[in-house]
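A, B, ... follow the sequence lines: proteins, then strands. Residue 1 opens every chain.
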4 protein chains.
Amino acid sequence: MLKERRLEQVFQSGIEVFSQKGFHKASISDIVRRAGIARATFYLYFKNKRHLLSRLLGYLLQELDQRIKSIELGEGQPPPLEQLRANLTRIITFGLEEPQLIQMLFRHDVGLDEDLDQELHRFYERVTDRIEWALRLGIEMGLVRACHTKVIAYSVLGGIKEVMKQIASKQISALDVQATVESLLEFGLRGVLVGSVER
Amino acid sequence: MLKERRLEQVFQSGIEVFSQKGFHKASISDIVRRAGIARATFYLYFKNKRHLLSRLLGYLLQELDQRIKSIELGEGQPPPLEQLRANLTRIITFGLEEPQLIQMLFRHDVGLDEDLDQELHRFYERVTDRIEWALRLGIEMGLVRACHTKVIAYSVLGGIKEVMKQIASKQISALDVQATVESLLEFGLRGVLVGSVER
Amino acid sequence: MLKERRLEQVFQSGIEVFSQKGFHKASISDIVRRAGIARATFYLYFKNKRHLLSRLLGYLLQELDQRIKSIELGEGQPPPLEQLRANLTRIITFGLEEPQLIQMLFRHDVGLDEDLDQELHRFYERVTDRIEWALRLGIEMGLVRACHTKVIAYSVLGGIKEVMKQIASKQISALDVQATVESLLEFGLRGVLVGSVER
Amino acid sequence: MLKERRLEQVFQSGIEVFSQKGFHKASISDIVRRAGIARATFYLYFKNKRHLLSRLLGYLLQELDQRIKSIELGEGQPPPLEQLRANLTRIITFGLEEPQLIQMLFRHDVGLDEDLDQELHRFYERVTDRIEWALRLGIEMGLVRACHTKVIAYSVLGGIKEVMKQIASKQISALDVQATVESLLEFGLRGVLVGSVER
DNA sequence: CATGAATGAGGGTTCATTCAT
DNA sequence: TATGAATGAACCCTCATTCAT
């Protein structure tokens, strides 16, 4: 399975180079040099430079997607709050495990390719939709205060993104995943003010 | 004042092109064509392409900075909450007034230039520092719950950034600035759960 | 008029390189080196390599077209035979004057580009159509023997092309244009056998 | 005879690809894909791409050579005219039977390789030499009018080449070989004018 | 000051050919 | 023998920047 080995090398090199230099400044030379292969070999595995980035981002989004599970209600399910906590924990943990992938993601928010832009856009919309849906559910159940769900959803998304970014760039020493998750949860649920009653 | 007129045109063109295409895909041709000047003329006003972006981002950061005033305590000052609300209102309003500048900002978060990166980084640190400082002050005053101030600060920053991004790209119909501001405030102060006591 | 000078230089270099190496083996480097300009300068004048060849062949076909005048009947016109002779003379003379253009033409008979192929095809069809038309006219007038006009037309065309090719490559020492023209005329009109009666 | 089968397949594929795309645009991939063999296998049979074309053209020239027999005089031989007619018939027939080979030939008149050019050049010279020789013989025998034999020889060659080209590309519906041959013969022998006496 | 013309460095991609199995 | 994988040389083209007027 030499071939798979090669592919893995190119993937890894791509992640490193794209996360450090960004798509435009990353040259095929950079990537193949790091992967230890010849220039033309690259094109055996990928149609072109964009194709590699597309594959990498696709993989990343998939991994993230898998870590975000919809809140399920009903008998035998953990309480919603627990499910929320689990989601956050998985995401933050992933950010710690794969900081380069996360950096790569945040360097290519927009503007590379019609298709890629779309894919990213859809991913983020999927996430905000889930958040909004959860908020609406909470409102119906009387747990969540009536609010402008769209604004709050984007706000939540943005908060998580920024924290992930800082974690990925080691600005937050988030070795203590648990504390970070709890901070985020507390903030999102009760805000910063004191005096919120305990549930 | 012909010269200033020229400069203004180039600035405007730069904003438009950079916000639409991003730095790398934006070509000098694009900019000068839109500004109605000759290629070489561009270099009379700017050392190079990055210089223009640098100037534009510098201007933007300055504008943002001006709109974020430190919370001042003491007699004769409006209550802190009011000052917070005023800050948010100014920022959101600015995002509505200058969506292209905001989009330009978010397309160049990182990776263009050592110096530019630094400048942006410093700006965001200044903002988070202020947020952290305010949080700590609130904690001391017994208004704010003890928390991981760094995580919360980034979370707040991220939330505002994301909302600004959506406003700038018209995803949020934030014609009603006030409602958006209140939503953000409520969320940040009390979170989403019901049952928070009124102060 | 420096610009025109430049253009002329590129044209000339293109003719030389294309006629010697053919389109595919000719590199932009070859052309610009010979023209004494920088690589990028080439692209100020031509969209790409094919564009240059296209322009050159277009020019050539136009020149050839101008030298082939339709046989005009009627009072005050030179006799048809004379017009025929004049056409041939102009073409052969042109081949002597511009051997490289002719060689360039014959190196790119087909297969470069859908559009270019079409253009060449149309040119040759125009020529054969004229020949056929002249033959049919001659038959109607009782001057020309009934024959398979299409086959004869292609045969005539081919004969002239081959002679031009040899002239352009100096295989035929056609310094004596007149003799060559007469030979071709005689051959086409009366064939090789003796005993053809004089008209 | 598996090997011969392989070789035959490659030959056939080469003919098809070279005749359709020409040497430069034909890729080894095209050829091996069509032949149903692996890339490297190609190089077991041929030194390189040019080698294949060389072999194919060599074969073609040989076939053509075989079909052009020198005019033999003397007792027991068919009359010269008959021999001429037979030559033409064989050539034209061959063009109908193997149009792709003919197209391949005409796409590579010149400019591929020093050696190949030479070979083609020698072939055509051999043909024109034969034609010239026949013309001179005819002149000596009083059958052929004195003329510039070289020009006429090229003219004859060119006529036949062009007609072959059109036949190979189906532009002339030469299903009726006999008529085409007679047309060519008549034209070459007596030209287009009426009034040539019968021999 | 303003400009159109000119440039060279550099990038992505292709493809004939060879290697290792 | 047969092959898929690997290679490096070469090429076209773009573009930010400078020159000469």
Side-chain angles (χ1 to χ4, degrees), chain A residues 1-7 9-10 23-32 35-52, chain B residues 2-3 5-7 23-32 35-53, chain C residues 1-7 10 23-32 35-52, chain D residues 2-3 6-7 10 23-32 35-52:
Chain A
M1 301 317 101
L2 226 67
K3 194 172 170 181
E4 286 183 12
R5 198 104 191 81
R6 275 281 206 271
L7 230 167
Q9 277 178 329
V10 181
F23 180 77
H24 284 106
K25 286 197 170 178
S27 75
I28 297 288
S29 294
D30 290 332
I31 294 165
V32 297
I37 60 172
R39 288 176 80 86
T41 308
F42 176 88
Y43 290 92
L44 290 181
Y45 296 97
F46 303 97
K47 217 171 55 210
N48 51 36
K49 198 168 76 160
R50 268 214 321 264
H51 187 210
L52 172 57
Chain B
L2 216 68
K3 187 175 167 181
R5 196 105 189 79
R6 273 283 211 282
L7 236 168
F23 180 77
H24 284 106
K25 287 197 170 178
S27 73
I28 296 287
S29 295
D30 289 331
I31 294 164
V32 297
I37 62 171
R39 297 173 70 87
T41 309
F42 176 89
Y43 289 89
L44 294 178
Y45 295 97
F46 303 95
K47 214 172 55 206
N48 51 35
K49 196 167 80 161
R50 270 212 318 263
H51 187 210
L52 172 57
L53 182 61
Chain C
M1 300 309 103
L2 226 67
K3 192 173 170 183
E4 287 184 11
R5 198 102 192 83
R6 275 279 206 273
L7 230 168
V10 181
F23 180 78
H24 285 106
K25 285 197 171 179
S27 75
I28 297 288
S29 294
D30 290 331
I31 294 165
V32 297
I37 62 172
R39 288 177 79 88
T41 309
F42 177 89
Y43 292 92
L44 291 182
Y45 297 97
F46 304 96
K47 216 172 52 209
N48 51 35
K49 199 168 75 159
R50 268 214 319 263
H51 187 209
L52 172 57
Chain D
L2 215 70
K3 186 175 169 180
R6 275 284 212 282
L7 237 169
V10 180
F23 180 77
H24 284 105
K25 287 196 171 180
S27 73
I28 296 289
S29 295
D30 289 332
I31 294 164
V32 297
I37 62 171
R39 296 173 71 89
T41 308
F42 177 89
Y43 289 89
L44 294 179
Y45 295 97
F46 303 96
K47 215 171 53 205
N48 51 35
K49 195 167 81 160
R50 271 210 319 263
H51 186 210
L52 171 58

Given atom CD1 of C:I37 and atom C1' of E:dG8, what is their separation to the nearest angstrom?
->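 Roughly 13 Å, once rounded to whole Å.
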Residue A:A40, side-chain heavy atoms: nucleotide from F:dT18, F:dT7, E:dT7 that is nearest |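 Looking only at side-chain atoms, A:A40 lies closest to F:dT7.
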Can you figure out which of F:dT14, E:dA6, E:dT18 approaches the side chain of C:L44 most closely?
->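 The answer is E:dA6, which lies nearest to the side chain.
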Please figure out whether C:F42 or A:F42 has its closest DNA chain E nucleotide nearer the 5' end.
->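 The residue whose closest nucleotide sits nearer the 5' end is C:F42.
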Earlier contact from the 5' end, DNA chain E, for D:R39 and A:K25 |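 Whichever sits nearer the 5' end wins; that is A:K25.
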Which class fits the ring pair C:H24 and D:H24: parallel under 30°, tilted 30 to 60°, perpendicular over 60°?
->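 If you compare the ring of C:H24 with that of D:H24, the planes turn out parallel.
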Supply the atom-to-atom distance B:F42 CZ to B:S29 OG, rounded to the nearest 0.5 angstrom.
->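 Going from the CZ atom of B:F42 to the OG atom of B:S29 covers 11.0 Å.
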Can you tell me how far CZ of B:R6 sits from CG of B:L44, rounded to the nearest 0.5 angstrom?
->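 Nearest 0.5 Å value for the CG-CZ distance: 9.5 Å.
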Write out the stems for DNA chain E, ordered by first number and formatted as range with range, counting runs of at least 3 consecutive Watson-Crick or G-U wobble pairs under 3.5 Å.
->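 Runs of three or more consecutive pairs: E:2-21 with F:2-21.
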Under 4.0 Å between any heavy atoms, over every strand shown, what does C:I28 touch: base, sugar-phosphate, or nothing? Just pick one.
->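 The residue C:I28 makes sugar-phosphate contact but no base contact.
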Should B:Y45 and B:H51 count as side-chain neighbours, where that means a heavy-atom distance under 4.5 Å?
->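 No, their side chains stay 4.5 Å or more apart.
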Please examine the side chains of A:F23 and A:L52, heavy atoms only from C-beta on, and report whether any two atoms are closer than 4.5 Å.
->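 No, side chains not in contact.
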Does [X] make a side-chain N or O approach to OP1 or OP2 of [N] shorter than 4.0 Å?
X: D:R6; N: F:dT3; result: yes
X: D:S27; N: E:dC15; result: no
X: C:Y45; N: E:dA6; result: yes

Any idea which heavy atoms bring A:I37 and A:Q9 closest together, and the distance?
->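 Nearest heavy atoms, A:I37 then A:Q9: CG2-OE1, 4.5 Å.
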